[in-house]
J.: 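The structure that follows is given in the form of structure tokens.
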Amino acid sequence: MTAVYNFNAGPSALPKEVLQRAQAELTNFNGTGMSVMELSHRSKDYEAVHQNAIDLLKELYNIPDQYKVLFLQGGASLQFSMIPLQFLKEGTIGNYILTGSWSEKALKEAKLIGKTAIAASTKENNYQSIPTSNEFQFNKNDAYVHLTSNNTIFGTQWQDFPTIDHAPLIADMSSDILSRPIDVEKFGLIYAGAQKNLGPSGVTVAIIKEDLLEVNVDQVPTVLRYKTHADSNSLYHTPPTFAIYMLNQVLTWVKEQGGVNAIQKRNEEKAKLIYDAIDESNGFYRGHAEKDARSLMNITFNLPTEDDNQKFLSKAKELGFVGLNGHRSVGGCRASTYNAVPLEACVALREYMDSYRASN
Ligand SMILES: Cc1ncc(COP(=O)(O)O)c(C=O)c1O
């Protein structure tokens with residue numbers, strides 16, 4: 001089989017070593033004579049995997065003791081509802097910073113539940129940038145402020161996070177969790193579907209400050225309360241055991257790579273190759289994001305015409321590049337360079353971009 005360069009936006013590339021380890025122990029996990037998928041979620045073999053994943057994430061991300069790591073289901077999309085259900089009570093406002101389609105979706109769900117506001121938005125420039133702190137409009141009765149740290153579809157990313165004092169800051173980090181170090185203490189809640197940087201789809205990670213667990217809790221259905229999952233160490237009901245097993249393998253791999261600082265350095269190197277191909281193309285490739293808002297995870301660009309985009313993409317496909325199409329809502333091209341995408345894939349893409357331009 002010829003080499004495949006996987007630039008899928010999610011689900012996306014997993015580290016080869018992780019897949020090989022999972023394959024090696026697929027039918028006999030830890031000497032149990034069965035797959036990890038067949039173990040009881042109450043067994044000591046499974047519980048060790050579950051706890052190790054929690055401990056490793058805390059270690060890798062420097063998560064302070066007053067935060068809980070939760071494993072939830074329903075994807076990041078269920079968080080769009082769980083957050084307002086839990087935190088938006090009568091007389092308060094869910095305040096959203098809009099930087100792309102996913103923040104719009106989060107806002108849309110909150111509107112079904114309570115009062116909302118838009119603290120800032122970059123919709124008027126087609127989400128090419130990230131708002132600056134002086135643009136934010138806050139209210140004294142904000143229940144929380146919500147942002148999307150990386151905009152998977154438009155290819156922009158917050159470079160620094162604002163410090164917000166009047167309400168908890170909540171971040172959807174689905175497409176850049178663990179791609180760079182962050183100061184967890186700036187946030188009341190961080191959440192992410194696993195299927196980009198953490199593992200396969202099926203598990204959603206939440207990192208929540210303990211003092212938020214009690215808010216409004218009686219009004220929320222049991223399985224949708226953060227407290228339910230915090231109190232039971234995410235074993236209130238059957239967790240997605242295989243996805244958590246894979247998450248544990250991915251976290252182990254991140255640690256072996258040298259941790260989040262080393263991962264960030266590699267991500268910067270990878271993204272630079274592709275942004276350089278754009279910047280040195282004399283306008284042949286046009287990046288969507290403004291330079292100071294560029295994402296290290298999703299690199300979005302266009303060729304001079306839509307016809308050129310299609311020709312570039314179809315030739316790329318023949319050469320083994322997978323997933324370079326832009327999101328169906330915006331078109332163009334997008335290279336997703338998540339943690340597990342190897343440097344070689346980005347080198348190959350850069351070479352292809354240069355040679356395609358030279359011959360067109
Ligand atoms: C930033 C962001 N938020 C939310 C979602 C939706 O995640 P899920 O499919 O896990 O509900 C995605 C999916 O791509 C995303 O990129």
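Whatever order the structure lists them in is the order used to number ligands and atoms, beginning at 1.
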J.: Can you tell whether the side chains of E47 and R42 come within less than 4.0 Å, N to carboxylate O?
T.: no
J.: Check the pair E90, K115 against salt bridge (charged side-chain N to carboxylate O under 4.0 Å, His left out), reporting the backbone distance first and the verdict last.
T.: CA-CA 8 Å; E90 191 75 29; K115 198 162 172 221; over 6 Å; no
J.: Quick one: which of Y356, F312, Y275, Y352 gives a ring-ring contact (aromatic ring centres under 6.0 Å, His included) with Y285?
T.: F312
J.: Give a yes or no on whether a salt bridge exists between K255 and E59, defined as a side-chain N under 4.0 angstrom from a carboxylate O.
T.: yes
J.: Run the numbers on E280 and R357 for salt bridge (charged side-chain N to carboxylate O under 4.0 Å, His left out), then give the verdict.
T.: CA-CA 11 Å; E280 293 164 15; R357 177 171 65 94; over 6 Å; no
J.: For H237, which residues count as a ring pair (Phe, Tyr, Trp, His ring centres under 6.0 Å) partner, sequence neighbours excluded?
T.: H229
J.: So which residues, sorted by chain and number, lie with a heavy atom under 4.0 Å of ligand 1?
T.: G75, A76, S77, F80, W102, T148, N150, T152, D172, S174, S175, Q195, K196
